[in-house]
S.K.: 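Shown below is the structure under consideration.
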Amino acid sequence: MLDQRLSRRSLLRAATALTSGAMLGLLAVPQPARAAAARLRWANLTPGFTTLLTDYMVAKGIDKANDLQLGKPTAYTSVTTYYNDFVAGNYDVCIGSWDTFASRYLSSVPVQYVCSVTTGNMINLITQAQGVNSIQDLKGKTLAAPQSTGTYRMTRAVLKELTGLDIESYAVVQNVDNPAASATLVMANRADAGLTWEPNVSAGLKRAPDMRVLYNVGEEYRRKVGLDLPYFGVAVRKDVVARDPSVVTRLNTAFAQCIAGIVGNTDEAVTIAGANSGMSPDVLKAAIESKRLEFKHTSMQKEDGRRTILAASEFMVRNGALSKAVDDGFFAA
C-alpha cells in the first residue's frame with residue numbers, strides 16, 4: 001500500500017513538473033518581431049509650402065515615431081516633372097492638389113488619396129487697392145492666371161457655380177507660368193486682378209501692402225456649400241498599400257501630428273523650413289496666421305473626410321473640371 005501511495009505521489013509530482021515546464025516553454029516561445037519601419041520615397045516642390053511639411057516631419061522625427069522611414073525628400077522645381085515622376089512610380093508618397101490625384105486615378109493610374117492637409121482658403125484673387133471691388137467688376141478686365149493648373153480649373157468651377165460667371169468668357173484671362181507671376185503683373189499694373197495661392201499671396205502683400213484680396217475661393221465655397229474645399233493632400237502608390245495596408249494609418253497619424261506641430265508652434269516650423277521654401281519665415285508665418293494658408297488634416301479613413309472629396313468631385317464634374325466623380329477606390333481607407 002505504501003509503495004502504491006508513493007508511486008501515485010511520484011506520478012502526480014512528475015505530471016505537475018511536466019505541466020509547469022510546458023507552460024514555461026510556451027511563455028518562452030519567441031514572439032513575432034515588431035514590423036520593420038516602412039521605407040518610403042517622397043518628394044517636395046521648391047519653392048513652395050510643401051517643404052514646410054517635409055522638413056518639419058523629418059526635423060522632428062515624426063516619421064520614425066510612426067514606424068515610417070521617409071528620409072530626405074527629392075526636391076523638384078518643375079510641377080509637371082514632380083507629378084509625372086509620381087505617376088511613373090519613381091517615388092511613393094506625394095503632396096499635391098487632390099484634383100490632380102483624382103484625374104490621374106480616373107485615368108487608371110494606381111494611386112490612392114490618404115488625407116487632405118490644407119483647404120481652398122489658400123486660393124485667392126488679388127487686386128490693387130484702387131482696383132476692382134467685386135468679381136462682377138471683372139467684366140472685360142484682365143485676370144492674370146496660370147491656366148494650365150488644376151487650381152485654375154477649380155477656381156473657374158467655383159466661380160461658375162457660386163457666382164454664375166464663367167471667368168474665361170467674362171474676363172480677359174492672361175496666362176502666366178506660375179502663381180508668383182500673377183502677383184507680379186498686378187503689382188506692375190499690367191493686370192486688373194490675379195489668381196494666385198499662398199504663400200504667394202502673403203509674399204505679394206508684403207512687397208505691395210496696398211494690394212488686397214478680392215475673393216477667397218475656399219472661404220466662399222465653405223460659406224455657400226457648407227463644407228471645406230479640399231486643396232492639397234497626400235497620395236500614395238497602390239502597390240505600397242498592397243504590401244503593407246498599415247502604412248495608411250501610419251501616414252495619417254504622421255501628417256496629423258506634423259500639422260498640429262506647425263500650427264501649435266508656427267515660429268519654430270517656419271524657421272525649420274524657411275530656407276528651402278523659397279519664402280522668408282515672416283511670409284510663411286503671415287500666410288498661416290491670416291488663415292489663408294489653412295493647415296487642416298482630414299483623413300480619408302473617416303466618412304466626413306471622404307464626404308469632402310466626394311462633394312468636391314461632383315462639384316467639379318458639374319462644372320466640367322473633372323471627367324467624372326471619384327469612387328470609393330480613390331480613398332486609401
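What you are looking at is a predicted structure, and each value in this text was computed from that prediction instead of being measured. By convention here, the first residue in the shown sequence is residue 1.
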S.K.: Looking only at the side chains, is there a donor atom on one of Gln301 and Asn252 sitting less than 3.5 Å from an acceptor on the other?
M.R.: yes

S.K.: If Ile, Leu, Val, Met, Phe, Trp and Tyr residues are connected whenever their side-chain heavy atoms lie under 4.5 Å apart, and connections chain through other members, are Phe49 and Ile126 in the same group?
M.R.: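 Not linked; separate clusters.
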
S.K.: Scan Arg237, Lys238, Arg41 and name whichever one has a salt bridge (charged side-chain N to carboxylate O under 4.0 Å, His left out) with Asp92.
M.R.: Arg41

S.K.: Within the distance-only criterion (no hydrogens, no angle test), does the side chain of Thr119 pair as donor or acceptor with the backbone N or O of Asn121 below 3.5 angstrom?
M.R.: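 Yes, Thr119 side chain to Asn121 backbone: donor-acceptor pair under 3.5 Å.
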
S.K.: Are Tyr76 and Met57 grouped together when hydrophobic residues (ILVMFWY) are joined by side-chain heavy atoms under 4.5 angstrom apart?
M.R.: yes

S.K.: What do you reckon, is CZ of Arg212 surrounded by more than 12 foreign heavy atoms closer than 6.0 Å?
M.R.: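 Above 12, so yes.
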
S.K.: Rounded to the nearest 0.5 Å, what separates atom CE in Met300 from atom OH in Tyr113?
M.R.: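 That separation rounds to 5.5 Å.
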
S.K.: Please say which of Leu284, Val270, Leu52, Thr51 ends up in a side-chain contact (heavy atoms from CB on, under 4.5 Å) with Met279.
M.R.: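 Running side-chain contact (heavy atoms from CB on, under 4.5 Å) over Leu284, Val270, Leu52, Thr51 with Met279 returns exactly one hit, Leu284.
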
S.K.: Using the rule that Ile, Leu, Val, Met, Phe, Trp and Tyr join whenever any side-chain heavy atoms are under 4.5 Å apart, tell me whether Leu205 and Val217 fall into a single cluster.
M.R.: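 No.
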
S.K.: Step through the shown structure and confirm whether more than 12 heavy atoms of other residues, nucleotides or ligands are within 6.0 Å of CZ on Arg190.
M.R.: no

S.K.: When you check the gap from the basic side-chain N to the acidic O, do Arg243 and Asp239 get nearer than 4.0 Å?
M.R.: yes

S.K.: In Å, rounded to the nearest 0.5 Å, how long is the span from SG of Cys115 to CD1 of Ile259?
M.R.: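 Going from SG on Cys115 over to CD1 on Ile259, the span is 6.5 Å.
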
S.K.: Any carboxylate oxygen within less than 4.0 angstrom of a Lys/Arg side-chain nitrogen, looking at Asp244 and Arg250?
M.R.: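 A salt bridge is present here (some side-chain N lies under 4.0 Å from a carboxylate O).
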
S.K.: Should Leu293 and Val201 be counted in the same cluster of Ile, Leu, Val, Met, Phe, Trp and Tyr side chains packed under 4.5 Å apart?
M.R.: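 As far as the 4.5 Å side-chain criterion goes, Val201 and Leu293 are not connected within one cluster.
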
S.K.: Say whether, by atom type as modelled, one donor and one acceptor occur between the side chain of Thr74 and the main chain of Ala43 under 3.5 angstrom.
M.R.: no

S.K.: So do Tyr215 and Val158 actually touch side chain to side chain, heavy atoms under 4.5 Å?
M.R.: yes

S.K.: For the side-chain contact (heavy atoms from CB on, under 4.5 Å) test, which of Leu138, Thr196, Asn216, Val213 pairs with Leu125?
M.R.: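 Testing each of Leu138, Thr196, Asn216, Val213 against Leu125, the sole residue satisfying side-chain contact (heavy atoms from CB on, under 4.5 Å) is Leu138.
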
S.K.: Decide whether Thr253 and Gln257 meet the rule of one side-chain donor and one side-chain acceptor closer than 3.5 Å.
M.R.: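 Gln257 and Thr253 do not have a side-chain donor-acceptor pair below 3.5 Å.
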
S.K.: Taking all heavy atoms of Ser202 and all of Ala287, pick out the closest pair and write down the distance.
M.R.: OG-CA, 3.2 Å

S.K.: Under the criterion side chain to side chain donor-acceptor pair (under 3.5 Å), which of Thr271, Asp267, Thr266 is the partner of Lys285?
M.R.: Asp267

S.K.: Is it the case that the side chains of Glu168 and Tyr152 hold a donor-acceptor pair, with the cut-off being a distance below 3.5 Å and no angle test?
M.R.: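 A pair is found: one side chain offers a donor N or O, the other an acceptor, under 3.5 Å apart.
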
S.K.: Could you check whether any side-chain heavy atom of Thr155 comes within less than 4.5 Å of a side-chain heavy atom of Ile167, counting everything from C-beta outward?
M.R.: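 They are not in contact (no side-chain heavy atoms under 4.5 Å apart), so the answer is no.
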
S.K.: Starting at CH2 of Trp197, measure out to OG1 of Thr151 and round the result to the nearest 0.5 Å.
M.R.: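 If we round to the nearest 0.5 Å, Trp197:CH2 and Thr151:OG1 are 4.0 Å apart.
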
S.K.: Any chance you could lay out the salt bridge (Lys or Arg N to Asp or Glu O under 4.0 Å) test for Arg306 and Glu303, step after step, and finish with the verdict?
M.R.: CA-CA 5 Å; Arg306 295 191 293 274; Glu303 184 179 352; 5.4 Å; no

S.K.: Do the side chains of Lys291 and Glu294 get close enough for a salt bridge, i.e. N-O under 4.0 angstrom?
M.R.: no

S.K.: Considering only distance and modelled atom types, tabulate donor-acceptor pairs under 3.5 Å from the side chains of residues 322-333, sequence neighbours left out.
M.R.:
residue : atom : partner : partner atom : Å
Asp327  : OD1  : Tyr105  : OH           : 2.4
Asp327  : OD1  : Gly329  : N            : 3.0

S.K.: Using side-chain heavy atoms (C-beta onward) and a distance below 4.5 Å, is Ile95 in contact with Asn44?
M.R.: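 No, their side chains stay 4.5 Å or more apart.
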
S.K.: Over all heavy atoms of both residues, which pair between Glu220 and Leu162 is shortest? Give the atoms and the distance, please.
M.R.: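 Of all heavy-atom pairs spanning Glu220 and Leu162, the closest is O-CD1, 3.7 Å.
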
S.K.: Check Pro230 against Ser116 and note the closest heavy-atom contact, atom names and distance.
M.R.: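 Closest heavy-atom pair between Pro230 and Ser116: CB-OG, 3.9 Å.
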
S.K.: Check the angle between the aromatic planes of Phe86 and Tyr91 and answer parallel, tilted or perpendicular using the 30° and 60° thresholds.
M.R.: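 The rings of Phe86 and Tyr91 sit tilted, inter-plane angle from 30° to 60°.
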
S.K.: Which pair of heavy atoms, one from Phe101 and one from Cys94, lies closest together, and at what distance?
M.R.: CZ-O, 3.6 Å

S.K.: How many angstroms lie between atom CG of Leu165 and atom NZ of Lys160, to the nearest 0.5 angstrom?
M.R.: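 Taking CG in Leu165 and NZ in Lys160, the distance rounds to 11.0 Å.
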
S.K.: In sequence, state the C-alpha distance, the side-chain angles, and the governing distance for Lys302 and Asp304, and then conclude on salt bridge (Lys or Arg N to Asp or Glu O under 4.0 Å).
M.R.: CA-CA 6 Å; Lys302 297 181 179 180; Asp304 59 347; over 6 Å; no

S.K.: Of all heavy-atom pairs between Gln147 and Arg153, which one has the smallest distance, and what is that distance?
M.R.: O-NH1, 4.5 Å

S.K.: Got a second to check how far Thr163's OG1 is from Gln136's CD, nearest 0.5 Å?
M.R.: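 That separation rounds to 6.0 Å.
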
S.K.: What closest approach, in Å, do Val283 and Lys206 show between heavy atoms, and which atom pair accounts for it?
M.R.: CG2-CD, 3.7 Å

S.K.: More than 12 heavy atoms of other residues, nucleotides or ligands under 6.0 Å from CG of Asp166: is that the case?
M.R.: yes

S.K.: Kindly indicate whether the side chain of Ile123, heavy atoms from C-beta on, has any atom under 4.5 Å from the side chain of Met154.
M.R.: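 With C-beta onward as the side chain, the pair touches.
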
S.K.: Grouping I, L, V, M, F, W and Y whenever their side-chain heavy atoms are under 4.5 Å apart, do Leu214 and Leu185 come out in a common cluster?
M.R.: no

S.K.: Closer than 3.5 angstrom, by distance alone: can the side chain of Asn178 be matched with the main-chain N or O of Ala180 as a donor-acceptor pair?
M.R.: yes

S.K.: Could you check whether any side-chain heavy atom of Leu251 comes within less than 4.5 Å of a side-chain heavy atom of Leu40, counting everything from C-beta outward?
M.R.: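 With C-beta onward as the side chain, the pair touches.
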
